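No experiment lies behind these values; they were computed from the predicted model shown. The sequence lines fix the lettering, A, B, ..., with proteins before strands; numbering per chain opens at 1.
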2 protein chains.
Amino acid sequence: MSKPAASVAPPGTAPRSADDVLALLRASGGRATPSRRILLDALFESEGHCTAEELAAAVQRRAPDVHLSTIYRNLEELQRLGVIVHSHLGHGPATYHLASTAHAHLICEECGVTIEAPGELLRGLAKAAKEKLGFVIDPYHFAIQGRCARCSS
Amino acid sequence: MSKPAASVAPPGTAPRSADDVLALLRASGGRATPSRRILLDALFESEGHCTAEELAAAVQRRAPDVHLSTIYRNLEELQRLGVIVHSHLGHGPATYHLASTAHAHLICEECGVTIEAPGELLRGLAKAAKEKLGFVIDPYHFAIQGRCARCSS
DNA sequence: GTGCTTGCAAACGTTTTGCAGACTC
DNA sequence: GAGTCTGCAAAACGTTTGCAAGCAC
């Protein structure tokens, strides 16, 4: 089971740049290292949906010696701080993105296309689960599977 | 991407016993072997939610030499025939059960409890996804994550 | 100088695969 | 006898961990 984040950025405090996050990191007793700065740059520049491997490749373009395990360790630390989240879009590797851009996904099991779910789509489900079962759904962590319009016809 | 099943049992034709499935298997050019019969017995006797490892243990109680890789190969074949499905309840191994008993799951990310989702809970989401996006959701393959009543309070 | 962070190598757990022999039909 | 299925060993995959050296503060 995932441990609750040690500290989650309160709403309205979302860091807007790599420097913001490095400051946050230092404030929590961590160090601002080159590999962290470059990873953060990659995250802020990306469109989201990056796998650890893709982020490693992006970082290694600028600093070839940064090891994949360092990427994983830093991604974990950034999650602990609430700066980023990861999602499972199906089989295969997890994808990481800034927490501020989190959104639900629909994945076609046939062609693999990823559709960003409009917020309203999940709202009804979230409400019903909360009222009937007291269950608070987290629609971001795992994608919703199915068949897209093209594949289901 | 998962290949479409070569042949899915049409509604109303769901096999009711290991023998039914072995007949189906033979009809599609396969063989009725001891390891397959025992695996099917285990599936029909189980409550569902069995991992490959658990099924292997159940089979090996009766036939100690059946290898885990044989279990995986047979589970794959049974999925191709539409007899069973697998679900991902979160991190960790997939679980397998008869297709006829498929149902959606809610998983608590904190305590790990598994709740079987009432059918009506998903119906609204399925309808909205179909109408707005043409997307046919498959709520069985991946569980819906969140926090149960106890952990979210 | 304290102690957090890194590179490396090796392990992890789940699942898949290549192969030669054994079995079903 | 043709062709499917099996056990075994080994690999694949994404991810985590132990360790000693290196760096930020």
Verify the contact: side-chain N or O of [X] to OP1 or OP2 of [N], cut-off strictly under 4.0 Å; return yes or no.
X: A:Thr70; N: C:dT6; answer: no
X: A:Thr33; N: C:dT6; answer: yes
X: B:Tyr72; N: C:dT16; answer: no

**Prompt:** So do A:Ser87 and A:Leu89 actually touch side chain to side chain, heavy atoms under 4.5 Å?
**Reply:**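 Yes, their side chains come closer than 4.5 Å.
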
**Request:** State, yes or no, whether a side-chain contact exists between A:Cys50 and A:Leu43 at a heavy-atom distance under 4.5 Å.
**Result:**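 They are not in side-chain contact.
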
**Path from B:Val59 to B:Ile84 over hydrophobic side-chain contacts below 4.5 Å** =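 Shared cluster, yes.
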
Whole angstroms only, please: what is the [atom1]-[atom2] distance between [X] and [N]?
X: A:Arg36; N: C:dC4; atom1: CZ; atom2: C1'; answer: 8 Å
X: B:His67; N: C:dG18; atom1: NE2; atom2: C1'; answer: 14 Å
X: A:Gln60; N: C:dT6; atom1: CD; atom2: P; answer: 13 Å
X: B:Arg37; N: C:dT24; atom1: CZ; atom2: P; answer: 11 Å
X: A:Glu77; N: C:dT5; atom1: CD; atom2: P; answer: 6 Å
X: A:His91; N: C:dT15; atom1: NE2; atom2: P; answer: 9 Å

**Item:** DNA chain C: 5'-proximal contact among A:Gly29 and B:Arg31 (nearest heavy atom)
**Value:**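 Per heavy-atom nearest nucleotide, the more 5' residue is A:Gly29.
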
**Message:** Need the bend value for the helix from C:dG13-D:dC13 to C:dC25-D:dG1: angle between end axes, 5 pairs each end, nearest 10°.
**Reply:**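 That helix gives 30° between its end axes.
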
**Prompt:** Heavy atoms under 4.0 Å, any strand shown: does B:Arg26 hit a base, just sugar-phosphate, or nothing?
**Reply:**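 Here B:Arg26 touches the backbone only, sparing every base.
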
**Asked** How would you label the contact of B:Ser69 with the nucleic acid (heavy atoms, under 4.0 Å): base, sugar-phosphate, or nothing?
**Response**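 Contact class for B:Ser69: base.
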
**Request:** May I have the step-by-step check of side chain to side chain contact (heavy atoms under 4.5 Å, CB included) for B:Tyr96 and B:Val85, ending in yes or no?
**Result:** CA-CA 6 Å; B:Tyr96 296 81; B:Val85 295; over 6 Å; no

**Item:** All pairs passing ring-ring contact (aromatic ring centres under 6.0 Å, His included) where residues 58-85 of chain B contributes a residue, at least two apart
**Value:**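 Qualifying pairs: none.
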
**Message:** According to ring-ring contact (aromatic ring centres under 6.0 Å, His included), does anything in residues 38-59 of chain A pair up with another residue at least two apart or in another chain? List the pairs.
**Reply:**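 Applying ring-ring contact (aromatic ring centres under 6.0 Å, His included) to every pair that reaches into residues 38-59 of chain A, excluding sequence neighbours, yields A:His49-A:His97, A:His49-A:His103, A:His49-A:His105.
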
**Prompt:** What pairs with B:Glu77 under side-chain hydrogen bond (donor to acceptor under 3.5 Å, both in side chains), at least two apart in sequence or on another chain?
**Reply:**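 Expected list: B:Arg80.
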
**Prompt:** Going 5' to 3' along DNA chain D, which nucleotides are the first and last within contact of chain A (any atom under 4.0 Å from a heavy atom)?
**Reply:**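 Reading along DNA chain D, I get D:dG14 to D:dC25.
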
**Request:** Can you run down the salt bridge (Lys or Arg N to Asp or Glu O under 4.0 Å) pairs that involve residues 32-46 of chain A, sequence neighbours left out, and say none if there aren't any?
**Result:**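 Every pair satisfying salt bridge (Lys or Arg N to Asp or Glu O under 4.0 Å) with a residue in residues 32-46 of chain A: A:Asp19-A:Arg37, A:Asp41-A:Arg62.
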
**Message:** By nearest heavy atom, map B:Leu68 and A:Glu53 onto DNA chain D; which one lands nearer the 5' end?
**Reply:**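 Going by which nucleotide is closer to the 5' end, it is B:Leu68.
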
**Plane angle bin for B:His86 and A:His91 - parallel if under 30°, tilted between 30 and 60°, otherwise perpendicular** =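 Ring orientation of A:His91 relative to B:His86: parallel.
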
